[in-house]
Every structure is written in C-alpha cells, then in structure tokens.
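Just so we're on the same page: letters track the sequence lines, and every chain starts at 1.
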Number of protein chains: 2
Amino acid sequence: MSKPAFNRVAPDARRLSLIEATARVLARGGANGASVRAIATEAGVSPGLVAHHFGGVDALIAATYAQVSEQVSAALDAAVAAAGDDPQARLNTYVAASFAPPIADPALLATWTAFWGLVVAQPAIAALHDAQYAGYRAELEKLLTACGLAPAATRRAAIAITALVDGLWLELCLSPAALDADEARAITEAQIAALVR
Amino acid sequence: MSKPAFNRVAPDARRLSLIEATARVLARGGANGASVRAIATEAGVSPGLVAHHFGGVDALIAATYAQVSEQVSAALDAAVAAAGDDPQARLNTYVAASFAPPIADPALLATWTAFWGLVVAQPAIAALHDAQYAGYRAELEKLLTACGLAPAATRRAAIAITALVDGLWLELCLSPAALDADEARAITEAQIAALVR
DNA sequence: TTGCTTGTTGAACGATCGTATAATAAGCTT
DNA sequence: AAGCTTATTATACGATCGTTCAACAAGCAA
C-alpha cells in the first residue's frame, strides 16, 4: 500500500497552485503575512518549491499580480460580452461589474493594496501596474467610442471614469459600511450619462 | 570636554521625531522596509526607544498614520482658507490641492499604501481610515452646501467627488507619466461644474 | 523491469525581525 | 553639590525571514 510521499505535478499546474495560494495568503493577512512558509503551507507543499518554480518570493508575488489582473480583466470582459449590443448599456455594464463579485471583494482589495505597497520598492511591480492600467483604459476608450464620443474627448473621459470607478471600488472595499454597490453604480451611471450625452 | 553620549529630549518631541522618521522610511521602502531598526536609525536613536515611547512598532505606525492624515487635512484647509469667499472657487481649490504638493507626493502615496496594506490585518488602522474618510467627506459636504447644492444631493455628490479625487490622486502618484496635475484638475473641475450647476 | 529525468522534500544557513532588560547618564530638583 | 527621575543605549533573546542544497522518489521511457 504505502501511499506516495508527495504528488508530482506538472510545472505549470504547480505554479498556478502556488499563485492561487499566494493570493489567498495576501488576502488573509496582507503583504506582511505573505512569507514563503505561509504560502507553501497554504499550497500544501514544501517551502523549497517557491525557489524552484519562481526563483524567489518576489517573482511569485509579481506572478500573482499578473494573474489576478488577468482575472479581473476577464471578469469585466465577460460582463460586457453578456450585456447585449447597446453601446451605452455595454459601457454601464463594464463599470458596474467593478462593484460586484468577484471584483468588489475585500480579499481582492487586500491583494491589490499589497501590490501597491510593493510598487514603491520594486520597479517590476510598477511596470506591471502601468501595463494593466493602460489596458483597462484602452478597453474603456473603445466602449466610449462606440457610444459616439468624439475622439478628442475619449482620453479624458476614460481617465475620469477610471478614476471614479477606482475611487468608489476602493472605498467600497475599505469601509463597506459607508457605501454600497447600488450607490456606487448609480454614481458612475450618472457620470457616464453626463459624459456621453 | 567629553561631549554627551546622547541627547535627552522631551517625550513629545521624541515621539514626533520617531513619527517623522517612520514616514520617511515608509516613503522610501514601503511597508516591508519599515522595521524598528530602520526607523530608529533614520531617527538617529536606539531601537529600544520605539518600545519605550510607543510600546511597539504597530502603535508607532498607527501614530504615523494619524499624523500624516492630520497634515493632509491641514494642507487642504489652508488651501481653502486662502481661496477667498466664492463658494465654488473654494470647492475647486479644495480638490485641486489634492493634486499639488505636499499631497500629490510619491512619498505620501508610499505612506498611504503602506497603511492600506495594514487595514486588512489591523482593525485599529481600519478605524483610523474610517474616521479620516468621514472627516474628509464632511468637509466636502460643507463646501457643497455653500455652493447651494440641495441637501438631498450633497451626500452622493460628496462621495462622487471624493472617489474621483482619490482615483486621480492614486493614478497621479502611481504612474505620473500617464497623467499630470493639470489634467486631473481639469477633470475634477468639469465634474464639479456638472454637479453644482 | 530498469534507468533516467526532475519535481519535491526537509533540514540547515545566516540575516533580520520585534521585543525585553540591565546598565548608563542627562538634566532637573533640592 | 548631591540626589533623583527617567530618557537612552547597548546587548541579548527567541522567532521568523528568504534562500540554498543534498537526498529522495514519482512517473515516464526504454
């Protein structure tokens, strides 16, 4: 009988497992608690695997950032795809998705603030943020253009909407008692209506 | 001759010195680099002083949060006080001050993200945030009311402006290349004009 | 079955973490 | 000038940090 001493898994699958464990640990205890041992325990593996698959904990955290960013983008895209054809409805759906699960999640906030805290010291994390932000704004500009917004105004409108959504999302997660998703949605829809009228 | 082995300083002054050192260390290396020894070295004192004056590093960081929050509020209030009597000019000045020094400072962002990262794990920090946010919004509601905004609309307008300013400020500090203060100011002024028209 | 590749473990390393504590001395009171 | 309070230092402690590495074994190829 003698069950195996460990599970041998394909590198990609193991990397994903470690990334998901990192996200959970970050969400639970913030950046301070995200040690190699805590992550490894969460993933059910030995600490040495982090160095083996990622070279170091910094690279693992960066990879987690990239993966979480991708999931957020995917969730937003899926919401838009299910929104039908009306351009303004698509735009509203896009921003409203930021205030609903899985995006408006305290766990996601914890992950995100951990990343922001690393931007200061780690240029690689800063570069990831810039790329993610640019992609988000590009998607928003496409939706705005589809609404008939003048090309000269799209950039500024996209920045304004992004900032408003980020600010509301942040407050929604930081102190849920002061703001709920319905109100956040109503505020952004009023703003959008004023911009693309 | 024999110069003194150390400077004996009044407790309040020493506490302030340690708080300021903490802010500098947080700004320089983020929350990860803000160790007791790093702070003590920055302040030019022995590590033991942190425990003596604050009981622990967590309390020191919380005190730094409180002090930085107070400085931000003071800077905003000073800007408004110098803005004259026109209600809408006062409102515009209030939000515009968020995009100029000393508030739109990468160092301040680093300090702030460090605090956000601690909100997850430390309820005391979360309570500080709630209080600071409530105070900020209350001030904004006063300025909005002075502009003649209907009482029923002030709450929502204050939330919208706060979120917009926070989002712009965040992006302004995180990736200055993608946004400058003038554009942030123009965006908020357009938003305010639409709200209090 | 045998051999090989390599994912995985667990221990060990030095560095650094936060905190506690005894000894010291600075500055005020008397 | 003597004494007292206490701010301050320097050191030490145990815990935990990220990383390294030799040994092991799981799963595939032959």
Side-chain angles (χ1 to χ4, degrees), chain A residues 1-22 25-26 28-65 114-115 117-118 121-122 124-125, chain B residues 1-22 25-26 28-65 114-115 117-118 121-122 124-125:
Chain A
M1 41 170 291
S2 75
K3 64 180 177 186
F6 57 86
N7 281 348
R8 196 188 186 90
V9 173
D12 286 341
R14 182 65 77 190
R15 267 189 281 267
L16 182 59
S17 169
L18 281 169
I19 284 173
E20 288 171 345
T22 303
V25 170
L26 281 174
R28 187 192 312 141
N32 274 0
S35 69
V36 170
R37 284 171 179 80
I39 293 170
T41 300
E42 175 73 26
V45 299
S46 164
L49 268 198
V50 170
H52 185 256
H53 283 296
F54 290 92
V57 70
D58 291 344
L60 172 54
I61 290 179
T64 306
Y65 190 2
F115 292 140
L118 296 177
Q122 304 200 21
I125 300 280
Chain B
M1 39 170 293
S2 76
K3 63 181 177 186
F6 57 86
N7 281 347
R8 195 188 186 91
V9 174
D12 285 342
R14 182 65 78 189
R15 267 189 280 267
L16 182 59
S17 168
L18 281 168
I19 285 174
E20 289 171 345
T22 304
V25 169
L26 281 174
R28 188 192 311 142
N32 274 0
S35 68
V36 171
R37 284 170 180 80
I39 293 170
T41 299
E42 175 73 26
V45 299
S46 164
L49 268 197
V50 171
H52 185 258
H53 285 296
F54 290 92
V57 70
D58 291 344
L60 172 53
I61 290 179
T64 305
Y65 190 5
F115 293 139
L118 297 176
Q122 305 201 21
I125 299 281

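The CG-P distance, from B:Leu49 to D:dT9, rounds to 5 Å in whole Å. Atom CZ of A:Phe54 and atom C1' of C:dT8 are 15 Å apart (whole Å). Protein atom CZ of B:Arg15 is 10 Å distant from nucleotide atom P of D:dT8, rounded to whole Å. At whole-Å resolution of the value, CG in B:Leu18 and C1' in D:dT8 are 12 Å apart. As rounded to whole Å, 8 Å separates atom C1' of C:dT8 from atom NE2 of A:His53.
Looking at heavy atoms from C-beta onward, A:Asn32 lies in side-chain contact with B:Leu118 at the 4.5 angstrom threshold. Side chains of B:Arg28 and B:Glu42 form a contact here, defined as non-hydrogen atoms less than 4.5 Å apart. Here the side chains of A:Arg14 and A:Val45 are in contact, with some heavy-atom distance below 4.5 Å.
Look at B:Arg14 and you'll find a side-chain N or O under 4.0 angstrom from OP1 or OP2 of D:dT8.
Without hydrogens or angle criteria, B:Ser17 side chain to B:Ala13 main chain gives no donor-acceptor distance under 3.5 Å.
Here the straight-line distance linking atom CG of B:Leu18 with atom NE2 of B:His53 works out to 6.5 Å at 0.5 Å rounding.
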Where protein sits on nucleotides 14-25 of chain D, one letter per nucleotide: B base, S sugar-phosphate only, - none, heavy atoms under 4.0 Å: ---BBBB----B

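Taking the ring-ring contact (aromatic ring centres under 6.0 Å, His included) definition, one finds that B:Tyr65 meets it with B:Trp112, B:Phe115, sequence neighbours left out.
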